[in-house]
Amino acid sequence: VEGLSSEEATIQLNAPSDTDEGDYQIEVAVETAEAGTQTITRTVTITQEPELAASGTGEFGEVTISEEQTRTIDISERLGYKDISGLSVEQTDGPDQWLEMVQRPSSTINAGETDELVVGVQFTPDAELYNSYAWTFEVSGDNVETQEITVTAQPKPYSFDQITDPLGQY
């Protein structure tokens with residue numbers, strides 16, 4: 001830094017995860033070769049927000065017509081700081097048939113905890129065979145970033161060989 005001028009410096013601070021929220025005073029010592037050392041005091045505010053996470057697979061692959069299958073998707077508060085309240089799961093895209101939410105997560109997920117979203121698919125004969133169907137869900141809560149989940153499945157025909165093969169024994 002030239003004499004009688006100034007520069008801005010960015011300092012990255014990392015606080016341990018168990019640090020309480022609040023204001024903290026930090027001191028930074030600025031050392032120069034010619035001008036000496038000066039200590040600067042600043043206030044840093046620590047806030048800990050919850051983080052919503054969704055994990056697990058929503059891919060069913062091929063599902064035989066009339067067969068019911070389920071998949072579990074974990075919904076969790078990932079950081080362990082605060083509970084997530086006001087949790088909701090809403091379908092935002094996809095057909096209004098064949099897929100249902102078998103189990104919804106509760107409206108509150110405790111800090112660091114996980115709840116389950118269970119979806120079930122059962123195609124009826126009017127589903128277009130081998131067509132890839134997709135359903136999109138938004139998982140949201142108070143003061144968290146909304147997560148999007150996509151569930152996919154393809155209906156396949158029932159195999160009549162499974163019925164007739166055992167009859168060949170008689």
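Counting only distance, with no hydrogens or angles, the side chain of Y133 and the backbone of E128 share a donor-acceptor pair below 3.5 Å. Judged by distance alone, with hydrogens and angles left aside, the side-chain atoms of E90 form no donor-acceptor pair with the main-chain N or O of T92 at under 3.5 Å. Put simply, the side chain of Q122 gets close to the backbone of S66: a donor and an acceptor are under 3.5 Å apart. Side-chain N or O atoms of D83 include one that pairs as donor or acceptor with a backbone N or O of A111 at under 3.5 Å. Formation of a donor-acceptor pair under 3.5 Å by the D115 side chain with backbone atoms of S106 is found in this model.
Applying the side chain to side chain contact (heavy atoms under 4.5 Å, CB included) test between M101 and each of V151, V118, V119 identifies V119 as the sole match.
In this structure, V63 and K156 have side chains that are not in contact, with every pair of non-hydrogen atoms separated by 4.5 Å or more. Inter-residue side-chain proximity for F60 and T152 is flagged as unmet; no heavy-atom pair is nearer than 4.5 Å. Contact check for I149 versus V139: side-chain heavy atoms found under the 4.5 Å cut-off. Counting heavy atoms from C-beta on, the side chains of P105 and V89 come closer than 4.5 Å. The side-chain heavy atoms of I65 and L129, taken from C-beta on, include a pair separated by under 4.5 Å. Between N14 and Q12 the shortest side-chain heavy-atom distance falls below 4.5 Å.
Taking 4.0 Å as the cut-off between side-chain N and carboxylate O, K82 and E21 count as a salt-bridged pair.
With values rounded to the nearest 0.5 angstrom, E116 atom CD is found 10.0 Å from T70 atom OG1. The CD atom of E77 sits 9.5 Å away from atom CG of N110, with the distance rounded to the nearest 0.5 Å. Rounding to the nearest 0.5 angstrom, the gap separating the CD atom in Q69 from the CG atom in L99 is 11.5 Å.
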